[in-house]
Amino acid sequence: MNKTGQFIKDHDFPCWCGQSESRVICGQVFGRRPFLVLECAGCQTHRILPKALQTQASAEVMYNEYEPPDLSAPASEQFINNMWQRFGETQVQFTKGLKVLDVGCGNGILLDKICEKFGCIGRGIDVDERRIAKARAHSKYADFECGLFEGTKVREKYDVVVSSAVIEHVVDPVGFLKQLNMALPDDGTLFLLTPNARSLTYRLLRSWWRDLLSIGEHIYLFTPKSLELCAQRAGFKLVKTSFGIDKFSPKIRVNGFRDALITFWTVYREMVKRVSSRFAFATTHDILYAHFKKVGSGA
Ligand SMILES: [Zn+2]
């Protein structure tokens, strides 16, 4: 058996959809940090080997091990502006008095801004204790809780559930969405944001799409269709999908060969991103987001 075959034998796991058949998309089985990305033959979701987490409970340990960097003030503002645009594109509406739950809220800045701008009542939950401590310190409008979200513990339903950049980290995506489903009434709104496995940048760069592959953290990368399928299994129907990119200014470094290589790839990637974002095709964009509604029991 060759090295790739052996790596798959050692690390593969079935897709969330139940299918085990797959094909290799990219990766490297040599070096310090070997990994492989496989595409499910059934639903086309990509999965990253080795699996970043074995159980969801271990996320509480893993995401408290390192301190994630905070966004600078201008980057934060850009992020919030991007999010208003994304909610608009997918027809997610916030109105005064709506109860909003943010699962994986990080430092709570988005939830706080939603509450400030629209007069919503917000609750945020995240496994990262330090981020929750920051959220509690800075937020004027929302409450925060540290831990894994459990739908069975929800006493009062929410009108809107937002979960941004979380589902790609989750061991059991259908189970996770079922938990979110429990927090909503019939027709309640769910907004999900995740890397787009159909992105042109990804198809060109493959294993160099490092920031969105996030080896060691991400487990699944969804296509627009596979995200919809996953949500359907958890009792949601699609309202609208849209796509975007996160623009960033590459840091130019010149200190040896490795830096030169990193700079080359950073600039190249940024060019691909900027060029691809000019096309009207949704599949050219790095980030996928969608608005779902909970299917009513009578439907
Ligand atoms: Zn699958």
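Predicted model, so just to flag it, every value in this text is computed and none were measured.
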Trainee: Taking atom NZ as the centre, does K178 end up with more than 12 heavy-atom neighbours from other residues, nucleotides or ligands that are less than 6.0 angstrom away?
Mentor: no
Trainee: List the steps and the verdict of side-chain contact (heavy atoms from CB on, under 4.5 Å) for R198 and K225.
Mentor: CA-CA 10 Å; R198 285 277 178 267; K225 264 261 162 281; over 6 Å; no
Trainee: Give a yes or no answer on whether the side chain of D126 reaches the backbone of C105 with a donor-acceptor pair at less than 3.5 Å.
Mentor: yes
Trainee: Is the closest side-chain heavy-atom distance between T189 and H291 below 4.5 Å?
Mentor: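 Answer yes - side chains close enough.
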Trainee: Which heavy atom of G235 sits nearest to which heavy atom of N181, and what is that distance?
Mentor: O-ND2, 3.2 Å
Trainee: Would you check if W84 and K117 make a side-chain contact, meaning some heavy-atom pair closer than 4.5 Å?
Mentor: yes
Trainee: Enumerate the residue pairs fulfilling ring-ring contact (aromatic ring centres under 6.0 Å, His included) with a member in residues 174-199, sequence neighbours excluded, ordered by first and then second residue.
Mentor: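 Residue pairs with at least one partner in residues 174-199: F87-F191.
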Trainee: Can you tell me how far CD of E228 sits from SG of C230, rounded to the nearest 0.5 angstrom?
Mentor: 11.0 Å
Trainee: Check V166 against G104 and note the closest heavy-atom contact, atom names and distance.
Mentor: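 Closest heavy-atom pair between V166 and G104: CG2-CA, 3.8 Å.
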Trainee: Check for a donor-acceptor pair, side chain of S214 on one end and backbone N or O of E217 on the other, with a separation under 3.5 Å.
Mentor: no
Trainee: Mind checking the OG-CG spacing from S58 to L148? Nearest 0.5 Å is all I need.
Mentor: 9.0 Å
Trainee: Quick one: which residue pairs count as a salt bridge (charged side-chain N to carboxylate O under 4.0 Å, His left out) with a foot in residues 145-169, not counting sequence neighbours?
Mentor: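 Counting only pairs at least two positions apart or across chains, the salt bridge (charged side-chain N to carboxylate O under 4.0 Å, His left out) contacts touching residues 145-169 are K99-E156, R123-E145, E150-K153.
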Trainee: Sequence neighbours excluded, which residues qualify as ring pair (Phe, Tyr, Trp, His ring centres under 6.0 Å) partners of H218?
Mentor: H169
Trainee: Kindly indicate whether the side chain of I287, heavy atoms from C-beta on, has any atom under 4.5 Å from the side chain of R86.
Mentor: yes
Trainee: What's the separation between atom CG in D128 and atom SG in C146, rounded to the nearest 0.5 Å?
Mentor: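 It is 7.0 Å, given to the nearest 0.5 Å.
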Trainee: For Q6 and D10, test the side chains for any donor-to-acceptor distance below 3.5 angstrom and give the result as yes or no.
Mentor: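 Present: a donor and an acceptor within the cut-off.
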Trainee: Between K237 (side chain only) and K293 (backbone N and O only), is there a donor and an acceptor less than 3.5 Å apart?
Mentor: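 It does not hold such a pair.
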Trainee: Counting N and O atoms only, with roles assigned by atom type, does the side chain of K240 sit under 3.5 Å from a partner on the main chain of E89, one being a donor and the other an acceptor?
Mentor: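 At least one qualifying donor-acceptor pair exists.
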Trainee: Measure from the side-chain N and O atoms of R233 to the backbone N and O of C17, and report whether any donor-acceptor pair falls under 3.5 Å.
Mentor: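 Yes; judged by distance alone, with no hydrogens or angles, the pair exists.
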Trainee: Can V162 be reached from Y141 by stepping across I, L, V, M, F, W or Y side chains whose heavy atoms are under 4.5 Å apart?
Mentor: no
Trainee: Heavy atoms, side chains only, cut-off 4.5 Å: are K51 and V171 in contact?
Mentor: yes
Trainee: Hydrophobic cluster membership, with links at side-chain heavy-atom distances under 4.5 Å among I/L/V/M/F/W/Y: are V295 and M182 in one?
Mentor: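 No: no chain of side-chain contacts under 4.5 Å links V295 to M182.
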Trainee: State the CD1-CG distance between I167 and L221, to the nearest 0.5 angstrom.
Mentor: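 Output value for this atom pair is 11.5 Å.
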Trainee: Give a yes or no on whether the backbone of F243 and the side-chain of Y289 come within a donor-acceptor separation of less than 3.5 Å.
Mentor: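 Yes: the side chain of Y289 pairs with the backbone of F243.
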Trainee: Counting heavy atoms not belonging to E77, are there more than 12 under 6.0 Å from its CD?
Mentor: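 No.
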Trainee: Between I121 and L110, is there a shared hydrophobic cluster once you connect ILVMFWY residues whose side-chain heavy atoms come closer than 4.5 Å?
Mentor: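 No, I121 does not connect to L110 through the hydrophobic network.
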Trainee: Assess whether side chain to side chain donor-acceptor pair (under 3.5 Å) is satisfied between Q85 and N81, documenting all intermediate values.
Mentor: CA-CA 6 Å; Q85 193 184 331; N81 286 335; over 6 Å; no
Trainee: Step by step, work out the side-chain contact (heavy atoms from CB on, under 4.5 Å) result for I48 and H46.
Mentor: CA-CA 7 Å; I48 301 172; H46 292 194; over 6 Å; no
Trainee: Any side-chain heavy-atom pair from P224 and N196 closer than 4.5 angstrom?
Mentor: yes
Trainee: Does the side chain of M83 come within less than 4.5 Å of I114's, by heavy atoms?
Mentor: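 In short, these two side chains do not touch, never coming nearer than 4.5 Å.
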Trainee: To the nearest 0.5 Å, what is the distance between NE2 (H11) and CG (L38)?
Mentor: 11.5 Å
Trainee: Under the ring pair (Phe, Tyr, Trp, His ring centres under 6.0 Å) rule, collect the residues that match up with H138, sequence neighbours excluded.
Mentor: none
Trainee: Identify the two heavy atoms, one from G147 and one from I125, that lie closest to each other, and give their separation to 0.1 Å.
Mentor: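 Looking at all heavy atoms of both residues, the shortest contact is O-CG1, 3.5 Å.
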Trainee: Hey, could you give me each pair passing salt bridge (charged side-chain N to carboxylate O under 4.0 Å, His left out) that has a residue in residues 15-38? Not counting sequence neighbours.
Mentor: R23-E39
Trainee: For Y202 and L213: C-alpha separation, side-chain torsions, deciding distance, then whether side-chain contact (heavy atoms from CB on, under 4.5 Å) applies.
Mentor: CA-CA 9 Å; Y202 176 36; L213 276 178; 3.9 Å; yes
Trainee: Grab the two heavy atoms, one from C15 and one from Y220, that are nearest each other, plus how far apart they are.
Mentor: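 Looks like C-OH, 3.6 Å.
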Trainee: Can you hop from V92 to F118 via hydrophobic side chains spaced under 4.5 Å?
Mentor: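 Shared cluster, yes.
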Trainee: Which heavy-atom pair separates W16 from S226 by the least distance, and what is that distance?
Mentor: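 W16 and S226 have their closest heavy atoms at CZ2-O, 3.5 Å.
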Trainee: How far does SG of C120 sit from CG of D102, to the nearest 0.5 angstrom?
Mentor: 12.0 Å
Trainee: Ignoring hydrogens and geometry, is there a side-chain-to-backbone donor-acceptor pair from S163 to V103 under 3.5 Å?
Mentor: yes
Trainee: With a 4.5 Å heavy-atom cut-off, do P173 and L227 have their side chains touching?
Mentor: no
Trainee: Ring pair (Phe, Tyr, Trp, His ring centres under 6.0 Å) with F79: which residues, sequence neighbours excluded?
Mentor: none
Trainee: Which heavy atom of F236 sits nearest to which heavy atom of L177, and what is that distance?
Mentor: CE1-O, 3.5 Å
Trainee: Passes side-chain contact (heavy atoms from CB on, under 4.5 Å), L184 versus L101? Steps please.
Mentor: CA-CA 10 Å; L184 287 165; L101 174 71; over 6 Å; no
Trainee: Any side-chain heavy atom of V239 sitting closer than 4.5 Å to one from T90?
Mentor: no
